[in-house]
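Atoms within a ligand are numbered from 1 in the order they appear, just like the ligands themselves. What's counted below: heavy atoms across the whole structure, side chains too, no hydrogens, waters or symmetry copies. Note that the structure is a prediction, hence the values are computed from the model and not measured.
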Amino acid sequence: MLYNVAVVGATGMVGNKFLEVLAERNFPIDTLYLFASKRSAGKTLQFKGKDFVVEELKEDNIKNKKIDIALFSAGGSTSLEYAPIFVKYNATVIDNSSAWRMDPKVPLVVPEVNPEDTKWSKGIIANPNCSTIQAVVALKPLHDKYGIDRIIYSTYQAVSGAGVGGYTDLENGYKGEAPNKFPYPIAGNLIPHIDSFLDNGYTKEEIKMIDETKKILHDDSLRITATTVRVPVFYGHSESINVELKNDFNLNDIFELYRNSEGIILKDDVKNLEYPMPIHSAGTDEVYVGRIRKDFSIENGLNLWVVADNIRKGAASNAVQIAEYLIK
Ligand code: A2P
């Protein structure tokens, strides 16, 4: 069976990647529709070697099309306004923005972790935050086998996570130009600030990681804290994850667990300088886990280093994998 697929925000960083991943994975598409803002209407984008014209996102351009699946990455306000409109015309929306993620009526899904949650969707399925996706893929096998008490996240996030503007700031920063997207230069620097600050001193990105992890792992008892940092890397988020497990563990069993976990590549052989880095993850859909070691400062403590391509597994590929699960 073939499906009519729409990409909303097709001219953006993740939108472009949706097209690349849909083509690569040979998603069964009958008709492809591309939407962006009025500014981009009439522009052409390539999909499998053919030109497709970008349409302005407005209800008149949606209502006469029979869209089965709409992949959204055009910002939160666009999702809030337009996801219900697509659903009204019988599409299933997979939304990459943060707009719907914590809505109790909307499932938040990572296919390796909680694919069953797609079943109770009423039309919108949320794609988690990029940093959360790779974290929960790494944490799920531990949560299932040992139980988790507490998590400390420290992230090192690529500029592409901030869209085309973030990417351009790093590129132009190396030429000595001032930043447009970030509040400070990112070239040769790092910025301990992703998304806006809240009254409690956390950033929204940090709270997203905390709340989304609990929702995806179906565990409100988890105690979690996070510090999220933008670093001068183009693609690939890295995370130091400190986990306090509920039960004692043997390190060899953890290695074995990761050798056999879906969507994970174990890269941990420090004698041969093998550990995950953003350059390994770029262009791939797997989550890389390494630097696995006991945290001797607490009982049942474990340290992990987790890397993934933030635009692929952290965004586009995860959404396309959800779509693949839906049509399976
Ligand atoms: P456009 O290119 O026409 O501005 P990124 O996060 O990489 O900057 O991409 C954002 C994407 O969201 C782009 O495709 C952008 O389209 C799209 N977008 C932004 N605002 C709107 C809007 N109001 N309606 C539709 N698409 C939008």
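Other members of the cluster containing Phe35 are Val8, Tyr33, Leu57, Ile62, Ile67, Phe72, Leu80, Tyr82, Ile85, Phe86, Val87, Tyr89, Val93, Trp100, Val106, Ile124, with ILVMFWY side chains joined at under 4.5 Å, either directly or via other members.
Under the side chain to side chain contact (heavy atoms under 4.5 Å, CB included) rule, Arg291 has a single partner from Val270, Val306, Ile241, which is Val270.
Side-chain atoms of Asn61 come within 3.5 Å of backbone N or O of Glu56 as a donor-acceptor pair.
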**Trace of the side chain to side chain donor-acceptor pair (under 3.5 Å) decision for Ser154 with Ser240** = CA-CA 5 Å; Ser154 309; Ser240 157; 4.6 Å; no
Check ligand 1 for N or O atoms under 3.5 Å from a protein N or O and list each pair with its distance.
unit_1, atom_1, unit_2, atom_2, d
ligand 1, 2 (O), Thr11, OG1, 2.5
ligand 1, 2 (O), Ser40, OG, 3.2
ligand 1, 3 (O), Ser37, N, 3.2
ligand 1, 3 (O), Ser37, OG, 2.5
ligand 1, 3 (O), Ser40, OG, 2.4
ligand 1, 4 (O), Ser37, OG, 3.4
ligand 1, 4 (O), Arg39, NE, 3.3
ligand 1, 4 (O), Arg39, NH2, 2.7
ligand 1, 7 (O), Met13, N, 2.7
ligand 1, 7 (O), Val164, N, 3.4
ligand 1, 14 (O), Gly9, O, 3.1
ligand 1, 14 (O), Thr11, N, 3.3
ligand 1, 14 (O), Thr11, OG1, 2.6
ligand 1, 14 (O), Gly12, N, 3.0
ligand 1, 16 (O), Thr11, OG1, 3.2
ligand 1, 26 (N), Ser37, N, 3.2

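The side-chain hydrogen bond (donor to acceptor under 3.5 Å, both in side chains) contacts involving residues 66-76 comprise Ser73-Asn96, where partners must be two or more places apart or lie in separate chains.
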What donor-acceptor contacts under 3.5 angstrom involve side-chain atoms of residues 10-17, with partners at least two apart or in another chain?
unit_1, atom_1, unit_2, atom_2, d
Asn16, ND2, Gly12, O, 3.1
Lys17, NZ, Glu20, OE1, 3.3
Lys17, NZ, Glu20, OE2, 3.3

